[in-house]
There are 2 protein chains.
Amino acid sequence: MVTRYELSDVETDRIFHALATTTRRDILRRTVAAEQSVSELAAEYDMSFAAVQKHVEVLEAAQLIVKRAAGRERLVRANPEMIARARALLAQYEELWRARVDRLDAFLAEPEPEPEQDPEPDPGPGPTHHLTP
Amino acid sequence: MVTRYELSDVETDRIFHALATTTRRDILRRTVAAEQSVSELAAEYDMSFAAVQKHVEVLEAAQLIVKRAAGRERLVRANPEMIARARALLAQYEELWRARVDRLDAFLAEPEPEPEQDPEPDPGPGPTHHLTP
DNA sequence: ATAACGTACAACCAAATGGTTACACGTTAT
DNA sequence: ATAACGTGTAACCATTTGGTTGTACGTTAT
């Protein structure tokens, strides 16, 4: 329905770039909670209307928000779909970490696989599971 | 143990900024899977060593990776803690979305709360649940 | 001892970013 | 009809970004 494609590199760049500014994250937070006009948003920040308008533009280009015309106003609402996609991407990295830890465990479990040179320097005492879950 | 503080705005800015470049995400991906030296990383990309070194610097400033000296080499490994923090932040936004939908549902469930002026323009036919769960 | 390697850092550059003011244009209110 | 409002866009500016080359310095290999 919505998109369900894999995010391209440029799309992902845009998403994280859009999230990399406090003002824009705040706009996202406000519009994920409730639809708001660009003016209403602009009133919240200590900068010109044009500046806020540009921030909204960046969020829109990343498809993190969607605009809808209502008379002379443009109502902004967040697009949770894209937020979820970004979150899923980070979860993917964490999954890779899990896989790595598993490989390490498997290595440590083996008796003596192949005497390669220093395959993992200083694994430390005990199981290497400091992971945070 | 690790940090368990709330991320400041500048820290969050740094994290998402670091994630906003394909090259840096790729470095993160590689180092989350296995520890690698800066040279090993640099060999993977079509740019100067110095360029890659700077990308590593950005990731390090965001604490998304950690460097460790080993002779003349600097071994880079990802810091899943920070990846998790970024993911948690996005999940927070999605939670706000849930809360918003719940408020809307509650509003639609009420018989006639207060005749305010157009509190949610065009709720459309049927329940507004297009959400992707 | 000397050469090669891995890293760091400085200086430089073009392009992008985040902000400004000014203006045009459609919509709403008086 | 006219004024005020909401939005979009253009021109401009300082700073940051992402890349370059060159150099210095400690570490490893010959």
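Just so it is clear, the model here is predicted, and its values are computed rather than measured. Hydrogens, waters and symmetry mates are skipped; everything else that's a heavy atom, side chains included, is used. Sequence lines set the chain letters: A, B, ... in the order given, protein chains first and strands last, and positions in each chain run from 1.
- Residue B:Ser37 is the one, among B:Ser37 and A:Val58, whose nearest nucleotide of DNA chain C lies closer to the 5' end (criterion: closest heavy atom).
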Trace of the side chain to side chain contact (heavy atoms under 4.5 Å, CB included) decision for A:Val76 with A:Val66
CA-CA 6 Å; A:Val76 180; A:Val66 169; over 6 Å; no
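- Here D:dT30 sits opposite C:dA1 as a Watson-Crick or G-U wobble pair (both hydrogen-bonding atom distances under 3.5 Å).
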Would you please test B:Val52 and B:Met47 for side chain to side chain contact (heavy atoms under 4.5 Å, CB included) and show each step?
CA-CA 7 Å; B:Val52 175; B:Met47 63 184 81; 3.8 Å; yes
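- In this structure, B:Arg24 places its CZ atom 9 Å from P of D:dT17, rounding to the nearest Å.
- Between A:Glu60 atom CD and D:dG8 atom C1' the separation is 11 Å, expressed in whole Å.
- Nucleotide C:dG19 forms a pair with D:dC12, judged by Watson-Crick or G-U wobble geometry with both contacts under 3.5 Å.
- B:Gln53 has a side-chain polar atom (N or O) that falls below the 4.0 Å cut-off from OP1 or OP2 of C:dA8.
- Not counting sequence neighbours, the partners of B:Glu44 by the side chain to side chain contact (heavy atoms under 4.5 Å, CB included) test are B:Arg30.
- Contact check on A:Glu11 versus A:Arg85 returns no salt bridge, with no Lys/Arg side-chain nitrogen under 4.0 Å from an Asp/Glu carboxylate oxygen.
- Among all heavy-atom pairs drawn from A:Ala42 and A:Phe49, the shortest one is CB-CD1, 3.7 Å.
- Applying a 4.0 Å cut-off to non-hydrogen atoms, the residues of residues 8-23 of chain B that approach DNA chain D are B:His17, B:Thr21, listed by residue number.
- The minimum heavy-atom distance linking B:Leu28 with B:Leu64 is given by the pair CD1-O, 3.6 Å.
- Following rounding to the nearest Å, A:Glu73 (CD) and C:dT27 (C1') show an atom-to-atom distance of 10 Å.
- Residues A:Val58 and A:Met82 do not share a hydrophobic cluster, defined by chaining ILVMFWY side chains whose heavy atoms lie under 4.5 Å apart.
- With no hydrogens or angles considered, no side-chain donor-acceptor pair links B:Thr21 and A:Asp13 at under 3.5 Å.
- Within the 4.0 Å cut-off from OP1 or OP2 of D:dG6, not a single side-chain nitrogen or oxygen of A:Arg74 is found.
- Rounded to an integer number of Å, the gap from B:Arg68 CZ to C:dG6 P is 16 Å.
- The interatomic distance linking A:His55 (NE2) with D:dT7 (C1') rounds to 17 Å, in whole Å.
- Of all heavy-atom pairs spanning A:Arg100 and B:Ala34, the tightest one is NE-CA, 4.1 Å.
- For B:Glu57, counting side-chain heavy atoms from C-beta on, the closest listed nucleotide (D:dT7, C:dC9, C:dA8) is C:dC9.
- The interatomic distance linking A:Glu44 (CD) with D:dG6 (C1') rounds to 16 Å, in whole Å.
- Here C:dG18 presents its P atom at 12 Å from CZ of A:Arg25, a figure rounded to the nearest Å.
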Walk along nucleotides 20-26 of chain D from 5' to 3' and tag each nucleotide B, S or - by protein heavy-atom contact under 4.0 Å, base first, then sugar-phosphate.
BB----B
